[in-house]
K.L.:
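Here you go, one structure.
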Amino acid sequence: MKYWLVKTEPDECSIDTIADTGSEGIAWDGVRNYQARNFLREMAKGDQVFIYHSSCAKVGIVGLAEVTEEAFVDPLQFEPESAYFDPKSMPENPRWSAVRLQFVRKFKQPLALKELKTLPAMAENPLVQKGSRLSVVPFQASEYQAVLALVD
DNA sequence: GCCAACGTTGGC
DNA sequence: GCCAACGTTGGC
């Protein structure tokens with residue numbers, strides 16, 4: 001099993017939005033960065049995924065989700081009306097992938113970015129590196145456990 | 001709202 | 001292939 005973190009703006013899709021989708025889960029689409037896309041493609045069913053709120057008042061990890069469907073073609077890239085439309089992506093060779101995530105739980109207290117930066121176990125994680133804009137972040141098992149140890 | 005850091009585009 | 005210009009991300 002592997003571990004990940006995905007960023008989301010709570011105004012667009014918060015942990016509560018994900019929770020509301022229940023057992024159906026939510027398509028994690030709209031990723032338009034190659035490095036992040038490649039990580040999406042590495043995800044396997046059952047992988048654990050931290051949900052992170054960015055660009056908001058309380059930046060940090062707010063809960064946990066799980067991969068329920070491995071990478072599939074992101075349909076939004078072919079929809080001209082979508083903000084995620086990509087005219088250069090060809091149906092015979094789609095550029096962008098999505099996965100399906102299902103809500104696992106919301107932490108009673110979010111783990112703030114500020115706190116994450118103080119954890120020795122997280123020192124090497126891309127999330128806390130200066131200037132990192134990666135929206136899908138791989139986690140080592142040790143990093144995953146260090147975070148879980150601080151939430152309930 | 002500001003701005004640093006980063007990724008992408010496109011002219012040459 | 002270089003690199004300037006531009007657009008975006010995301011913390012603060």
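Lettering follows sequence order; numbering is per chain, from 1.
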K.L.:
May I ask you to say what A:Ser54 touches in the nucleic acid, namely base, sugar-phosphate or nothing, with a heavy-atom cut-off under 4.0 Å?
P.N.:
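A:Ser54: backbone/sugar contact only, no base atoms under 4.0 Å.
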K.L.:
Closer than 3.5 angstrom, by distance alone: can the side chain of A:Arg32 be matched with the main-chain N or O of A:Tyr84 as a donor-acceptor pair?
P.N.:
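Yes.
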K.L.:
Using a 4.0 Å heavy-atom cut-off, does A:Lys114 contact any base of the nucleic acid, only the sugar-phosphate backbone, or nothing at all?
P.N.:
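Nothing, no heavy atom under 4.0 Å.
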K.L.:
Each nucleotide N or O in nucleotides 6-8 of chain C that has a protein N or O under 3.5 Å away: list the pair and distance.
P.N.:
unit_1, atom_1, unit_2, atom_2, d
C:dT8, O2, A:Arg133, NH1, 3.3
C:dT8, O2, A:Arg133, NH2, 2.9

K.L.:
side-chain hydrogen bond (donor to acceptor under 3.5 Å, both in side chains): which pairs involve residues 1-13 of chain A, sequence neighbours left out?
P.N.:
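Passing the test, one end in residues 1-13 of chain A: A:Trp4-A:Asp47.
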K.L.:
If you apply the rule salt bridge (charged side-chain N to carboxylate O under 4.0 Å, His left out), what do you find for A:Lys106 with A:Asp16, and how did you get there?
P.N.:
CA-CA 8 Å; A:Lys106 180 179 178 177; A:Asp16 295 320; 3.0 Å; yes
K.L.:
May I ask you to evaluate whether A:Tyr52 reaches the phosphate of C:dG11, defined as a side-chain N or O under 4.0 Å from OP1 or OP2?
P.N.:
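Checking A:Tyr52 against C:dG11: at least one side-chain N or O falls below 4.0 Å of OP1 or OP2.
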K.L.:
OP1 or OP2 of B:dA4 sitting under 4.0 Å from any side-chain N/O of A:Lys130?
P.N.:
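The answer is no; no side-chain N or O of A:Lys130 sits under 4.0 Å from OP1 or OP2.
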K.L.:
Nearest-Å distance, CG (A:Leu134) to P (B:dA5)?
P.N.:
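Rounded to whole Å, this separation is 18 Å.
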K.L.:
Nearest heavy-atom pair of A:Trp96 and A:Arg37: which atoms, and what distance?
P.N.:
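Shortest heavy-atom separation between A:Trp96 and A:Arg37 comes out as CE3-CD, 3.9 Å.
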K.L.:
What is the distance, rounded to the nearest whole Å, between atom CD1 of A:Ile61 and atom P of C:dG11?
P.N.:
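Taking CD1 of A:Ile61 and P of C:dG11, I get 12 Å after rounding.
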K.L.:
As a test of reading the structure: which of C:dG11, B:dG10, C:dG10 is closest to the side chain of A:Lys88, going by heavy atoms?
P.N.:
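For A:Lys88, the side-chain atoms sit closest to B:dG10.
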K.L.:
Determine whether A:Leu116 and A:Asn125 make a side-chain contact, defined as any pair of heavy atoms from C-beta on separated by less than 4.5 Å.
P.N.:
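Not in contact.
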K.L.:
Would you indicate whether the side-chain heavy atoms of A:Ile18 and A:Cys13 approach each other to under 4.5 Å?
P.N.:
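Counting from C-beta outward, A:Cys13 and A:Ile18 do come under 4.5 Å.
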K.L.:
Round to a whole Å and report the spacing from CG of A:Asn33 to P of B:dT9.
P.N.:
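Checked: the CG to P distance equals 11 Å.
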K.L.:
Could you give the CD-to-C1' distance, from A:Gln129 to C:dG11, as a whole number of Å?
P.N.:
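Between C1' of C:dG11 and CD of A:Gln129: 15 Å.
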K.L.:
For A:Lys117, report the nucleic acid contact type (base, sugar-phosphate, nothing); a contact means any heavy atom under 4.0 Å.
P.N.:
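Answer is sugar-phosphate: A:Lys117 comes under 4.0 Å of backbone atoms only.
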K.L.:
How close or far is atom P of C:dG11 from atom CG of A:Asp11, stated in whole angstroms?
P.N.:
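The answer, rounded to whole Å, is 13 Å.
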K.L.:
State, yes or no, whether a side-chain contact exists between A:Tyr52 and A:Val59 at a heavy-atom distance under 4.5 Å.
P.N.:
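With C-beta onward as the side chain, the pair touches.
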K.L.:
Atom CG of A:Leu127 and atom P of B:dA5: how far apart are they, to the nearest Å?
P.N.:
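In whole Å, B:dA5 P and A:Leu127 CG are 17 Å from each other.
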K.L.:
When you measure from the side chain of A:Leu113, which nucleotide among C:dG10, C:dG11, B:dT9 comes out closest?
P.N.:
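Out of C:dG10, C:dG11, B:dT9, the nucleotide with an atom closest to A:Leu113's side chain is C:dG11.
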